[in-house]
There are 6 protein chains.
Amino acid sequence: MNERILEIDHLGIKRFFNLDTAAYQDAALDGKTKELLGLVASTVLRCNDCIDYHLIQCINLGWSDAELYDALNVALLVGGSIVIPHLRHAVDTIDQLRTEQGSNQT
Amino acid sequence: MNERILEIDHLGIKRFFNLDTAAYQDAALDGKTKELLGLVASTVLRCNDCIDYHLIQCINLGWSDAELYDALNVALLVGGSIVIPHLRHAVDTIDQLRTEQGSNQT
Amino acid sequence: MNERILEIDHLGIKRFFNLDTAAYQDAALDGKTKELLGLVASTVLRCNDCIDYHLIQCINLGWSDAELYDALNVALLVGGSIVIPHLRHAVDTIDQLRTEQGSNQT
Amino acid sequence: MNERILEIDHLGIKRFFNLDTAAYQDAALDGKTKELLGLVASTVLRCNDCIDYHLIQCINLGWSDAELYDALNVALLVGGSIVIPHLRHAVDTIDQLRTEQGSNQT
Amino acid sequence: MNERILEIDHLGIKRFFNLDTAAYQDAALDGKTKELLGLVASTVLRCNDCIDYHLIQCINLGWSDAELYDALNVALLVGGSIVIPHLRHAVDTIDQLRTEQGSNQT
Amino acid sequence: MNERILEIDHLGIKRFFNLDTAAYQDAALDGKTKELLGLVASTVLRCNDCIDYHLIQCINLGWSDAELYDALNVALLVGGSIVIPHLRHAVDTIDQLRTEQGSNQT
């Protein structure tokens, strides 16, 4: 669906998407750290699509399951029990991504 | 006021406070990274007191201003312009903490 | 399901539903403008069902796709990237409603 | 999926789950009242999974449909029309739980 | 300031205020229970003015400090550490209200 | 403080500020309508600084008090009673801006 959004050709929306991509590039902080920040922000704001997007990046960039769980624990403490369904979703997505990788790094 | 909260002596609240402290200790992720996660979570959830708390920890643990700004930029993109007043607050707090340190690390 | 809610016959809930309907009637502002306000409010609060409801009204009342996209861009800026999945949903709903109309006004 | 979460064996997450369970036990307030508090908190924060969880507890502990609707009305007033889709969900869940009970207590 | 709001004489706003008052009257649930629901909803949504308003009602209607703390603990678990500054505010307000009462019921 | 934020010279943050300004310019929708959208979005997200910013623009662009109240009523219905303190703040700001204008347009 992102293709469809770019197709509607709204200048502001396209520039927002570019800015969003740029925010996770290596800069003062490396991209790997910033994807973890994106994951925690998405979790406390309770957006499963955003969680999945950042988990894909996080796993590609080399975070281990234990590190991801530790980040999700921070999100759980900050955001409270209302975050639990999204924690479940995140653990499920990590499992699927690891299965796709054909490897389980705990 | 945290003293007053502990004084009311509610077991659940005291255990929550302990768990909250524990979440930022070195574990799979180091405490320095987790304080940055706490900062971004607090910023997208728009809580100035929480931002200040995590900024104090972040600066004590050695994050530079440039790194903190880069983390806050992730929070701004994820959370949108509604975050701007809290970004202003965060920059102001960083300035004050650096003045107290008697040093400016940009 | 709104029928089922009215069936439970709670006076407060029924009065809330009436008040909600009344809020979008022509008054100091016309209903067309207020449905656009409802759309943007629903988007920054990230409720797909509410987005769909207001999009149906917005399209019935004559807003063009370009105008709707421009309103959604405001919601994107205010609410940040966490809004993107709902922006995708909104564009998809607009497409479906236009197909049902048998006309595409870009 | 809670089993899977416990299986990942993160100490902080496990302790959070224990603390969460403990919060709804009889204490200064009885568990029945606290499950109703959990229901309203879940409704204004707009989490269907959490609403369902607390509705199961609320019905097991003896709240009637009329009492649950009255609590949901408070949530609707506090949280606004954005809560309506979750109110619909809650009424639907109550209906299902009563059907499973083989009894309708209005 | 509520006087000023009523003075602007917007029919929808006035009806909303009436509906809001009605939501906390004795009905299927008694007003005392519903004020506690309002307190927890206000706490997880992190609104100090709303917390203060409901605390005044809760104390007038006879909830003890221990019961209020137990309700606030539910809010803390559901809403997470981001709620802590509002928990502090609530405990401070309870202390002030008890001082005004000239009595401390713990 | 916006000057201080621009001074920190983070490219992403500066580009976000530019994009934010651009979102309220005349385009498919005129700027006047978009400032009203910004006002309602800020009100349901409960940010007083953002409400004040958009009210200044809204009044400069010619919205009357009655129109602003009608927009705020939509925000109140969508966002619920938790919005009331911000509605009070908005009415107070409108009063101050009108006094500064030396004219009262109801």
Side-chain angles (χ1 to χ4, degrees), chain D residues 12-13 15-47 49-51 53-54 57-58 61-83 86-87 94 105-106, chain E residues 12-13 15-47 49-51 53-54 57-58 61-83 86-87 94 105-106:
Chain D
I13 293 174
R15 288 174 64 198
F16 187 94
F17 275 59
N18 289 338
L19 205 44
D20 188 43
T21 303
Y24 298 96
Q25 304 300 309
D26 290 341
L29 292 170
D30 56 41
K32 184 180 173 185
T33 300
K34 291 198 279 191
E35 286 294 344
L36 203 66
L37 298 175
L39 173 64
V40 167
S42 300
T43 306
V44 297
L45 291 175
R46 302 156 47 208
C47 171
D49 284 352
C50 313
I51 288 170
Y53 174 82
H54 288 294
Q57 311 301 320
C58 281
L61 291 166
W63 291 110
S64 72
D65 288 8
E67 289 165 330
L68 294 173
Y69 299 154
D70 213 22
L72 291 168
N73 181 49
V74 170
L76 177 62
L77 260 294
V78 174
S81 69
I82 207 80
V83 163
H86 305 276
L87 177 62
I94 294 169
Q105 301 151 278
T106 322
Chain E
I13 293 174
R15 288 174 64 200
F16 188 95
F17 275 60
N18 289 338
L19 205 44
D20 187 43
T21 302
Y24 299 95
Q25 304 300 308
D26 289 341
L29 292 170
D30 55 40
K32 184 181 174 185
T33 301
K34 291 198 279 191
E35 287 294 343
L36 202 66
L37 297 174
L39 173 64
V40 167
S42 300
T43 306
V44 297
L45 290 175
R46 300 155 49 205
C47 172
D49 285 352
C50 313
I51 288 170
Y53 174 81
H54 288 293
Q57 311 301 319
C58 282
L61 292 166
W63 290 111
S64 71
D65 288 7
E67 289 165 330
L68 294 173
Y69 299 153
D70 213 22
L72 291 169
N73 180 49
V74 170
L76 177 62
L77 260 294
V78 174
S81 69
I82 207 82
V83 163
H86 305 276
L87 176 63
I94 294 170
Q105 301 150 280
T106 320

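In this text, all values refer to a predicted model and were calculated from it rather than measured experimentally. Just so we're on the same page: letters track the sequence lines, and every chain starts at 1.
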Item to check | Per-residue contacts, residues 35-42 of chain E versus chain D, heavy atoms under 4.5 Å | outcome: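 Listed by number, the contacting residues are E:Leu36, E:Leu37, E:Gly38, E:Val40, E:Ala41.
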Next on the checklist: At a heavy-atom distance under 4.5 Å, which candidate from D:Thr43, D:Leu68, D:Val74, D:Val78 has the highest pair count against chain E?
Outcome noted: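 Answer, by heavy-atom pair count under 4.5 Å with chain E: D:Val74.
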Item to check | For E:Asp70, all residues meeting side chain to side chain donor-acceptor pair (under 3.5 Å), sequence neighbours excluded | outcome: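 In terms of side chain to side chain donor-acceptor pair (under 3.5 Å), with neighbours along the sequence ignored, E:Asp70 is linked to B:His10, D:Lys34.
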Which atom names give the shortest non-hydrogen contact between [X] and [Y], and what distance separates them?
X       : Y       : result
E:Phe16 : D:Leu77 : CZ-O, 3.7 Å
E:Ala23 : D:Asn73 : CB-ND2, 3.9 Å
E:Ala66 : D:Ala28 : O-CB, 3.4 Å

Next on the checklist: Going by salt bridge (charged side-chain N to carboxylate O under 4.0 Å, His left out), name the pairs with one or both residues in residues 16-32 of chain E, residues two or more places apart or in two chains.
Outcome noted: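 Passing the test, one end in residues 16-32 of chain E: no pairs.
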Item to check | Those residues that, when tested against E:Cys47, pass disulfide bond (SG atoms under 2.5 Å apart) (two or more places apart) | outcome: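 If we apply the disulfide bond (SG atoms under 2.5 Å apart) test to E:Cys47, skipping adjacent residues, the hits are E:Cys50.
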